Amino acid sequence: MNETYPFAAIEAKWQAWWEEHGLFATDTAESADKYYCLMMFPYPSGTLHVGHGRNYILGDAVARFMKMRGRRVLTPMGWDAFGLPAENAAIRTGEHPRTHTLRNIAVMKRQLRAWGCMYDWDREVTSCLPDYYRWTQWLFLQFYRRGLAYRGRAAVNWCPSCATVLANEQVVNGACERCDHAVELRQLDQWFFRITAYAQRLLDDLDRLDGWPERVRTMQRNWIGRSEGAEIRFPLVPRTDGRTDPSPAVSCFTTRVDTIYGCTYMVLAPEYPELDALVEGLPEAAAVRAFVEKAGRINAIDRASDELEKNGVFTGRHVVNPYNGERIPLWVGDYVLMEYGSGAVMAVPAHDTRDWVFARRYGLPIRRSIRNPEGEPETDLAREAFTGDGTVVDSGPFSGLPNREAIPQMIAHAAAEGFGEARVHFRLRDWLISRQRYWGAPIPIVYCEACGVVPVPEADLPVELPEDVAFAPTGESPLARAPSFVRTACPRCGAPARRETDTMDTFVDSSWYFLRYLSARDGERAFDTAVCDRWMPVDQYIGGIEHAILHLMYARFFTKVLKDLDLLHVDEPFAHLFTQGMICKRSERDGPLAKMSKSKGNVVDPEPLLAAYGADTVRLYTLFIGPPERDAEWNDAGVEGAHRFLRRLWTRVWDRREALREAAGLRPDPAAMDEAERALYRKLHLAIGKITRDLEGAFHFNTAIAQIMELMNALDDVPLPADAGPQRRALHRAVIETAVLLLSPFAPHIAEELWQELGHSPSVLNAAWPEVDPAALERDTVELAVQVNGRVRGHIRVPASADRAAIEAAALADPQVARWIEGQAVRKVVVVPGRLVNIAAG
RNA sequence: GCCGGAGUGGCGGAAUGGAAGACGCAGCAGACUCAAAAUCUGCCGAGGGCAACCUCGUGGGGGUUCGACUCCCCCCUCCGGCACCA
């Protein structure tokens with residue numbers, strides 16, 4: 001041992017030792033007391049900054065704590081290694097994305113190790129390697145076989161900057177989630193996963209995920225967006241010019257059938273597929289076409305905004321309200337979205353604010369069909385719409401009903417008459433997985449002129465990415481320009497055929513990696529159902545809130561599909577979810593507080609910090625910065641404070657090394673302690689209890705660390721002179737030894753070193769987590785605050801065993817207190833044993 | 001607009017309905033030093049008082065309670081999600 005804290009030497013020493021002894025290698029053949037601790041696997045972007053570090057440090061601390069508590073901990077790590085940045089780099093530099101990616105992985109792996117984060121590296125998975133994506137493709141085929149993967153033509157989100165289509169989830173306010181470029185709608189043939197078939201289950205099971213933050217569950221509920229209503233068919237008034245319509249009626253979805261007698265017109269989305277046919281040959285056709293063309297030019301960002309003025313044009317056609325047989329005009333309007341419902345809306349301007357605005361603008365009639373509730377003044381429909389509940393009026397047989405009661409009756413009527421039925425509608429869309437890019441898992445499909453769409457036989461997997469391709473984006477996949485890849489033989493008839501050239505969204509890769517970890521080297525199958533039965537679900541998942549919808553919804557969907565395929569027997573993949581807050585920093589001088597990111601130039605590089613202070617310091621500060629679920633601002637001075645604490649701990653051990661060694665066999669005996677020693681011994685066990693509760697519950701590392709600091713401060717109040725007796729030596733040893741154990745999940749290197757210095761053999765991880773000795777918490781006397789009318793006016797010291805009457809008497813007798821109740825009547829005395837006395841006087 | 005979350009010293013933050021501000025950072029004073037750094041000791045919400053102490057104080061306003069940062073009602077501000085969703 002050395003006088004000054006040699007963090008560099010001990011960190012290197014213990015990192016090597018842990019690795020050599022395979023401390024986190026876990027045998028999944030056994031699952032008693034299993035604890036599957038999973039951190040979201042990173043995209044290998046190059047280097048990690050301290051903001052990324054929070055996730056891994058948190059997870060590592062949890063894993064270490066659980067291991068000391070006797071759990072069989074599994075903490076694997078891997079790489080979400082497909083993705084655009086590597087391909088974009090390839091376009092710039094010509095370097096193959098794989099080379100680029102694997103180099104980044106090597107760097108990041110070294111960084112994780114330098115942070116003291118330990119994983120079962122034997123289970124490492126890398127999603128861009130054929131031994132992984134082979135199984136991603138295999139899973140695609142299982143989905144295809146079940147009808148859950150399908151190819152369809154649809155208006156899809158196209159990002160011109162990324163030169164690929166995007167899933168709905170990847171479009172934020174009409175812009176690309178990755179690059180913020182406005183997204184365009186294009187009609188394209190694309191591959192989808194039928195996640196909508198699981199919408200109800202994805203929604204229902206959220207209620208049972210009580211280990212998840214409410215925030216995330218709410219976000220998912222919003223995203224799934226279930227609404228109950230009815231689908232109503234409005235027959236078209238037939239054409240008189242001899243032409244016929246593709247369908248005889250226009251259907252629309254509504255949650256407010258109760259207002260349908262107030263419907264005065266109907267509006268179609270500009271993208272309504274049959275619109276052209278509906279207006280063909282009419283005098284209005286030209287105006288309609290011009291309108292549609294203009295609406296198509298509005299970019300997605302503006303289109304999504306509700307500030308946009310509502311525009312529309314009459315089509316020249318009419319439909320019939322099936323409830324009252326009334327002829328109403330059919331319009332096209334840019335406020336109607338093709339993506340939601342059927343792309344047609346029954347407009348009730350009296351009871352819908354958007355319809356109201358549109359009707360006012362174009363002079364369409366506004367007709368009340370719901371009266372305000374009794375006692376409330378009638379809404380002036382010339383000034384605003386009434387959207388609340390009330391009584392149905394002027395609605396034929398339904399008049400007079402409270403509107404909420406009218407809804408089921410009116411739906412029943414539509415069903416009986418055959419023009420409509422109850423309908424549940426979800427906002428959730430099918431998951432578009434095609435990407436027109438190179439660096440992803442190829443979709444294992446072949447197109448044959450004779451046989452059509454043919455899945456690649458499982459035995460032929462993986463469909464490997466070709467080596468020699470031009471990466472420059474053109475709007476079609478780079479794979480389409482690799483003839484050796486495209487040209488193939490039909491697996492069914494052997495005739496020349498061509499391969500699908502799109503690759504899969506990288507969220508497909510990350511939807512099942514937690515299963516692959518459980519049998520990462522299995523060459524025979526994607527994952528081993530028997531091992532999953534033992535080890536799933538993940539006990540604790542830790543990651544960023546930014547994945548609240550995308551990744552976490554997709555992984556839940558996969559889990560449910562795999563359960564239906566009998567490959568898995570859990571409904572949900574992640575029993576407990578912890579979403580840590582972001583680490584933020586002001587950019588430059590007066591910049592805004594923002595999430596660390598390279599593009600904002602506010603990243604803190606861990607390397608200089610590790611060199612100057614060591615990994616334990618960076619870990620301790622990262623955990624101490626604040627409650628882990630909240631965002632936190634990085635402060636370099638705080639790092640210094642964490643380092644100071646570790647150095648003081650080191651020095652305390654060094655200063656006492658003789659005494660501590662001599663006290664090795666001694667156990668502190670509370671009966672033989674003086675008052676100061678008793679207080680310290682009590683503090684020690686209070687700390688054990690508090691820290692254990694903090695870590696078991698909400699991972700409140702910040703308060704746990706504060707407890708260790710308090711314990712050390714309390715230790716300094718009980719000196720250890722050279723002639724100290726064995727009792728005091730034993731107590732000092734107990735405090736330091738326990739502090740080392742309590743600290744070890746956070747600062748594992750120094751803990752290992754001091755543990756060894758105290759005469760134990762490594763690893764500290766194999767030591768048992770300290771237990772509270774209830775006897776240590778007992779006190780002979782306690783000090784109570786005495787309040788008069790809720791204000792502290794004095795203090796009394798009473799035997800811990802004193803009863804209420806004795807405490808009350810002592811409180812009233814206290815001279816300080818007496819001053820405040822003098823001349824007043826004592827109305828009530830509240831005694832809270834162990835805490836305080838409150839005297840109500842006056 | 002709807003749904004979540006938050007608002008406490010100069011700063012990060014702590015407080016099963018029971019002594020607001022633990023712990024840390026920054027700051028101030030002192031010790032050590034030729035000096036500085038490091039380290040150690042003390043002080044550190046605001047106002048008043050020579051002092052013991054007193055008054056005010058957890059975004060604002062009401063309420064429940066012997067007692068409210070904590071529970072209830074109303075409002076303000078900030079953050080996040082959803083949103084022309086029919």
Side-chain angles (χ1 to χ4, degrees), chain A residues 4 172-173 213-227 229 252-256 259 266-267 269 303-310 333-337 339-348 351-355 357-358 387 425-427 545-546 548-549 581 593 620-621 624-627 629-642 644-645 647-648 651 690 693 700 702-713 716 783-795 816 819 826-832 834-842:
Chain A
T4 53
V172 178
N173 291 329
E214 190 50 48
R215 185 154 72 120
V216 176
R217 294 197 282 173
T218 303
M219 284 165 74
Q220 294 212 354
R221 279 190 200 102
N222 283 343
W223 188 261
I224 294 169
R226 183 181 197 272
S227 49
C252 69
F253 174 75
T254 177
T255 54
R256 293 295 307 271
T259 64
M266 177 170 253
V267 200
R303 182 77 192 272
S305 152
D306 54 359
E307 258 114 73
L308 187 76
E309 205 166 14
K310 294 168 179 46
D334 56 10
Y335 75 103
V336 177
L337 306 175
E339 310 86 88
Y340 192 80
S342 58
V345 168
M346 63 172 230
V348 184
H351 305 296
D352 181 284
T353 49
R354 296 150 304 176
D355 297 341
V357 170
F358 192 81
T387 56
H425 198 272
F426 292 95
R427 207 191 74 102
I545 187 73
E546 64 273 21
I549 295 170
L593 193 62
L620 195 69
Y621 174 65
F624 189 61
I625 195 166
E629 69 279 6
R630 291 232 288 266
D631 289 351
E633 183 179 351
W634 187 268
N635 172 10
D636 287 328
V639 181
E640 197 106 29
R644 201 141 48 205
F645 172 74
R647 209 162 47 207
R648 281 173 61 206
T651 311
K690 166 85 170 134
R693 283 191 302 276
H700 280 167
N702 55 329
T703 48
I705 291 166
Q707 279 296 312
I708 304 176
M709 290 171 167
E710 278 186 60
L711 179 59
M712 286 297 106
N713 292 344
D716 291 347
E783 197 191 57
L784 303 181
V786 182
Q787 297 180 328
V788 177
N789 293 330
R791 292 168 175 276
V792 179
R793 298 302 186 187
H795 302 268
Q816 290 292 335
R819 273 181 51 209
V826 173
R827 286 182 287 117
K828 186 176 184 179
V829 179
V830 179
V831 176
V832 184
R835 302 289 320 187
L836 52 65
V837 179
N838 190 13
I839 300 163

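These numbers come from a predicted model, not from an experiment. Scope of the values below: all heavy atoms of this structure, side chains included, with no hydrogens, waters or symmetry mates. Convention: sequence-line order gives letters A, B, ...; per-chain numbering from 1.
- Among B/G67, B/C82, B/A26, the nucleotide with an atom closest to any side-chain atom of A/Trp223 is B/C82.
- Side-chain atoms of A/Asn838 come within 3.5 Å of backbone N or O of A/Gly790 as a donor-acceptor pair.
- Dashed line: the shortest gap from a side-chain N or O of A/Asn702 to OP1 or OP2 of B/A14 is under 4.0 Å.
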* Convert the base pairs of RNA chain B into dot-bracket notation, remembering that pairs crossing earlier ones are written with [ ] and that bases paired across to another strand are shown as |; include only Watson-Crick or G-U pairs under 3.5 Å. => (((((((..(((.....[....))).(((((.......))))).((((....))))..(((((..]....))))))))))))....
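- Residues satisfying the side chain to side chain donor-acceptor pair (under 3.5 Å) criterion with A/Arg226, sequence neighbours excluded, are A/Gln200, A/Glu228.
- Between B/G24 and A/Asn713, a contact under 4.0 Å exists linking OP1 or OP2 to a side-chain N or O.
- Remark: the separation of the C1' atoms in B/C54 and B/U65 is 25 Å, to the nearest Å.
- Taking the C1' atoms as reference points, B/C73 lies 24 Å from B/G18, given to the whole Å.
- The salt bridge (Lys or Arg N to Asp or Glu O under 4.0 Å) test applied to A/Asp716 returns A/Arg648, A/Arg652, not counting sequence neighbours.
- Evaluation of atom-type donor-acceptor distances gives no pair under 3.5 Å for the side chain of A/His425 against the base of B/A86.
- Not a single salt bridge (Lys or Arg N to Asp or Glu O under 4.0 Å) links A/Asp355 to another residue, sequence neighbours left out.
- A/Arg221 pairs by the salt bridge (Lys or Arg N to Asp or Glu O under 4.0 Å) definition with A/Asp207, A/Glu214, not counting sequence neighbours.
- OP1 or OP2 of B/A26 has at least one side-chain nitrogen or oxygen of A/Arg644 nearer than 4.0 Å.
- Checking side-chain atoms of A/His425 against main-chain N and O of A/Gly341 turns up a donor-acceptor pair under 3.5 Å.
- Distance OH (A/Tyr335) to C1' (B/A86): 8 Å, rounded to an integer number of Å.
- Separating the P atom of B/U70 from that of B/G9 is a span of 15 Å, rounded to the nearest Å.
- Within the nucleic acid shown, A/Asp355 has no heavy atom closer than 4.0 Å to any nucleic acid atom.
- Taking 4.0 angstrom as the limit, A/Arg647 places a side-chain polar atom (N or O) nearer than this to OP1 or OP2 of B/U39.
- Between B/C79 and B/G27, the two C1' atoms lie 30 Å apart (nearest whole Å).
- Spacing between B/C84 and B/C2 at atom C1', rounded to whole Å, works out to 14 Å.
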Distances under 3.5 Å between protein N/O atoms and the N/O atoms of nucleotides 43-54 of chain B, please, pair by pair.
unit_1	atom_1	unit_2	atom_2	d
B/C54	OP1	A/Arg793	NH1	3.1

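- Going from atom CZ of A/Arg835 over to atom P of B/U70 covers 17 Å, rounded to whole Å.
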* Structure fact -> Counting primed atoms, P, OP1 and OP2 as sugar-phosphate and everything else as base, the B/S/- map of nucleotides 2-11 of chain B against protein heavy atoms under 4.0 Å is -SS-------
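- Within the 4.0 angstrom heavy-atom criterion, only backbone atoms of the sugar-phosphate kind lie near A/Ile625; the bases stay farther away.
- Ring geometry for A/Tyr335 against A/Phe358 counts as tilted: the plane angle lies between 30° and 60°, on a 0 to 90° scale.
- Contact annotation for A/Asp352: no contact, since no heavy-atom pair falls under 4.0 Å across all strands.
- Evaluation of the side chain to side chain donor-acceptor pair (under 3.5 Å) rule for A/Ser342 yields no partner, not counting sequence neighbours.
- No contact: A/Gly225 has no heavy atom under 4.0 Å from any strand.
- Anti is the glycosidic conformation of B/G7, whose angle departs from 0 by more than 90°.
- In this structure, of B/A86, B/A15, B/C84, it is B/C84 that holds the atom nearest to the side chain of A/Asp334.
- Side chain of A/Asn789 to main chain of A/Ala841: a donor-acceptor pair is present (N/O by atom type, distance under 3.5 Å, no hydrogens or angles).
- Between B/C25 and B/U16, the distance separating the two P atoms is 24 Å to the nearest Å.
- Nearest-nucleotide positions on RNA chain B place A/Gln787 closer to the 5' end than the other of A/Val345 and A/Gln787.
- With sequence neighbours excluded, the residues that form a side chain to side chain contact (heavy atoms under 4.5 Å, CB included) with A/Val829 are A/Glu808, A/Val826, A/Val831, A/Val837, A/Ile839.
- In this structure, of B/C25, B/G18, B/G24, it is B/G18 that holds the atom nearest to the side chain of A/Val832.
- Judged as a side chain to side chain donor-acceptor pair (under 3.5 Å), and not counting sequence neighbours, the contacts of A/Arg256 are A/Asp258.
- Nearest-nucleotide positions on RNA chain B place A/Glu783 closer to the 5' end than the other of A/Arg256 and A/Glu783.
- Residues satisfying the side chain to side chain donor-acceptor pair (under 3.5 Å) criterion with A/Glu640, sequence neighbours excluded, are A/Tyr613.
- Rounded to whole Å, the separation between the C1' atoms of B/C69 and B/A22 comes to 15 Å.
- At a threshold of 4.0 angstrom between heavy atoms, the contacts of A/Arg648 are confined to the sugar-phosphate backbone, with no base atom among them.
- With sequence neighbours excluded, the residues that form a side chain to side chain contact (heavy atoms under 4.5 Å, CB included) with A/Tyr621 are A/Ile625, A/Trp634, A/Asn635, A/Val639, A/Ala642.
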